[in-house]
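Have a look at the structure below, then the notes.
Both backbone and side-chain heavy atoms feed into the values below; hydrogens, waters and symmetry mates do not.
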Amino acid sequence: RKSSIYPLGRCKAGHLSVPCPRRPLDVLRVVMPGWNFTEQCLALPDVAQRRLRGYSTDEQWIRQSLQPEDVEVLQQRAAELEA
């Protein structure tokens, strides 16, 4: 729906403030039907499940996956965005 996008809101992208949909979760639900936003995380993909489903064949990407420190940074950033 247009009302989920306009009027645009503001989001953080690094140190920048950028325009974003007013209700981004509504937009994601439309463009990603069937995605369970409660159990699955867009930012932190479940690599093990991807491999079981046959989606990921990039072993280097899997070996160089997010470390606990990376997850902590993402969680801190999410808290900042929520504030």
Side-chain angles (χ1 to χ4, degrees):
R1 290 184 174 165
K2 188 176 179 180
S3 63
S4 294
I5 299 173
Y6 296 105
L8 291 174
R10 301 300 294 178
C11 298
K12 288 184 182 179
H15 297 292
L16 301 174
S17 174
V18 297
C20 63
R22 185 166 69 105
R23 292 194 302 256
L25 189 56
D26 289 353
V27 173
L28 288 173
R29 286 186 175 124
V30 170
V31 298
M32 300 178 75
W35 187 272
N36 185 334
F37 292 96
T38 303
E39 294 179 9
Q40 299 166 306
C41 177
L42 291 172
L44 304 173
D46 185 340
V47 175
Q49 288 300 316
R50 283 176 53 113
R51 290 182 72 188
L52 288 174
R53 291 189 304 265
Y55 291 127
S56 181
T57 57
D58 186 350
E59 294 297 325
Q60 182 179 8
W61 183 81
I62 292 168
R63 282 193 310 276
Q64 296 176 351
S65 64
L66 292 174
Q67 301 300 309
E69 298 83 15
D70 300 322
V71 174
E72 185 177 326
V73 168
L74 290 170
Q75 290 172 333
Q76 288 173 352
R77 182 56 134 179
E80 291 172 12
L81 291 171
E82 289 292 325

Between Arg10 and Ser17 the two heavy atoms that sit nearest each other are NH2-O, 2.6 Å
Answer yes or no: is there a side-chain heavy-atom contact under 4.5 Å between Arg22 and Ser4?
no
Can you give me the closest heavy-atom contact between Leu8 and Pro19, atom names plus distance?
CD1-CB, 3.8 Å
Just wondering, do Leu28 and Trp35 contact through their side chains at under 4.5 Å, heavy atoms?
no
Shared hydrophobic cluster, Val30 / Met32 (ILVMFWY, side-chain heavy atoms < 4.5 Å):
no
Side chains of Lys2 and Ile5, heavy atoms from C-beta outward: is any pair under 4.5 Å?
no
